[in-house]
Structure formats: C-alpha cells, structure tokens
Novice: 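Below: one structure in structure tokens.
Count residues from 1 along the sequence. Counting convention: from 1, in listed order, for ligands and their atoms alike. Since the structure is predicted, the reported quantities are computational estimates derived from the model, not experimental observations.
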Amino acid sequence: MNKATRKAVIAGNWKMNKTPAEATALINDIKATIADKKTDGCDIIVGVPFVDLAAAVEAVKDSAIKVAAQNVHWAEKGAFTGEISAEMLKAVGVEYVIIGHSERRQYFGETNETVNQRVKAALAAGLKVILCVGELKDERLLGITEEIVAMQTKVALNEISAEDMKNIIIAYEPVWAIGTGLTATPAQAEEVCAAIRKVIAALYDCTLAEATTIQYGGSMNAGNAAELLSMKNIDGGLIGGASLKAPDFATIIEAAQA
Ligand code: PGA
C-alpha cells in the first residue's frame, strides 16, 4: 500500500472556539461551501469543544463530515471533576477524538504516559483516535526531532495492537509551527512523517506502516496545503486557525482530492 491507496484525512481542530449555535452555523457553512465540490477523495472531520459535540453531531447528519472531541479521560467513570469519558463521547455520537495535542501537553500536564492511557480508553470504547506528536523549537534546534517524535509515538502506542492501529491516525505537529504562521517546509514535514512511518514499521510491520494515515499540522492553510499534501508521506492535515473559516477549510479539502 502507498499514498495512492491511503485515503487523505482533513481534520479541523477548532480548539476553544465557537458556542453550540456558532458550531452549527460553521458546519452549515462548510457543508454549503463544499456542496458542489469533489470531496470523496478525503475524509473530513471537525474537532469541536465538548459542549458543541451534540450540536455538531446533529449538524453533520446529512453530510460526509465526522465529529471529533478534543480530549478524553482514561477512566470509565468516577471522581474526576471536569473530565469526560470515552463512553460519554460515544453516547453523543462522536466518532473521533484528538489525543495528545501539544496544547494539552504544554498547558495541562499531558505526558506520553497519560496520552497512552487515553488512547487505550478511546479505542476500547470504539472511538477512532487522532494521536498528536511533535517537537518543540529547542528540540529541533538540538537536532533531536526524530528521537522526540519516535519516543512520543512509541509510548503513546504502548500495548496497542496491530488491529487497533486501523483506528489510529497520527498527526505530526511541530509545536513551533502551531498557531504561529510558521509552517514546516514540505521537506521538513515529509522528513518527520517518513520517520514516524519507520517507527510504526519497527513497532508492527511495513504493511501496517504503509496503511497508517499520517497528517501534518501547524499553520496549514489554504495557500500551503496543496504543496504539503503532495508529499509522499503526508496523508492529510490537522488544521487549527484555517479550519474556522469555511472557504479556507474547503480549499484545503479540495487540495486533498488529488
Ligand atoms: P494551527 O493549529 O493550524 O492554527 O497552527 C494546528 C493545530 O493545533 O492542530
């Protein structure tokens, strides 16, 4: 299997933006913008805040768009004030969950180990996972990007079976490129995505590595998406800022059709 047989996945990460009513409006906008365009060459996901999930699930009903949550707790239930379980996400009709985003790691104490626990809980509940990895600017400057990303990937996938890997997308997001307007060059992004694929091959096998979807994220936008998505090992995008504008998100979806 190679890029030609891996379906692209374009996912929006709305972060802490939009009320439920605004989420419905943006999804309707996205649907209207892509209505007359070819979109079956990629899967489309919107990652919305917890309180928007029910409205988003309702709004995507007559479309190909899927809904993702932006985090999940690993416990089934219990005394974890403010947290949300995988079963709860399933119950509102969510299909995907973003896990290990660098903002969770930076601001909310997420570690590789808790990422692994969350991935396990999500998969056990039947959710699909977008697993985020990526190096800090200092780590890139030290020349340890591939080691950092390999370690994040290995720990996050600890005790995850080959069967479960079918439900995991990996998003390579260099932290220095997120929300900064500083995009990794296509060559930089390709190099790390290829390295992640090698890590998957070593953990499982080459066939599974070739079948795994690896996205790039970090200031991907309507202007740079086509070039990034043309790279051999970049199978899609996790898009923050540009996913909040329907025309820009639609342009990125179009760029993924090739
Ligand atoms: P950005 O965010 O596109 O705004 O850089 C990407 C992300 O955080 O997933």
Novice: Can you name the nearest heavy-atom pair linking Cys193 to Ile234, along with the distance?
Specialist: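 Minimum heavy-atom separation between Cys193 and Ile234: SG-CG1, 4.0 Å.
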Novice: Might you list the protein residues in contact with ligand 1, defined as having a heavy atom under 4.0 Å from one of its atoms, sorted by chain and number?
Specialist: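 Residues Asn13, Lys15, His101, Glu173, Ala177, Ile178, Gly179, Gly218, Ser219, Leu238, Ile239, Gly240, Gly241 each place a heavy atom under 4.0 Å from ligand 1, listed by chain and number.
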Novice: Step by step, would you call Arg197 with Asp235 a salt bridge (charged side-chain N to carboxylate O under 4.0 Å, His left out)?
Specialist: CA-CA 11 Å; Arg197 206 175 297 288; Asp235 309 315; 2.9 Å; yes
Novice: Hey, quick one: are Ile239 and Val46 part of the same hydrophobic cluster, counting side-chain heavy atoms closer than 4.5 Å, chains of contacts allowed?
Specialist: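 Result: yes, single cluster for both.
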Novice: Look at Arg118 together with Glu110 and state whether they make a salt bridge at an N to O cut-off of under 4.0 Å.
Specialist: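 Counted as a salt bridge, because a side-chain N and a carboxylate O are separated by less than 4.0 Å.
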Novice: Answer with yes or no whether the side chains of Asn233 and Glu190 bring together a donor and an acceptor at under 3.5 Å.
Specialist: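 Yes, because at least one side-chain N or O of Glu190 sits under 3.5 Å from a partner of the opposite role on Asn233.
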Novice: If only side-chain N and O atoms count, and only distance matters, is there a donor-acceptor pair under 3.5 Å linking Trp14 with Gln70?
Specialist: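 Looking only at side-chain atoms, Trp14 and Gln70 do not form any donor-acceptor pair under 3.5 Å.
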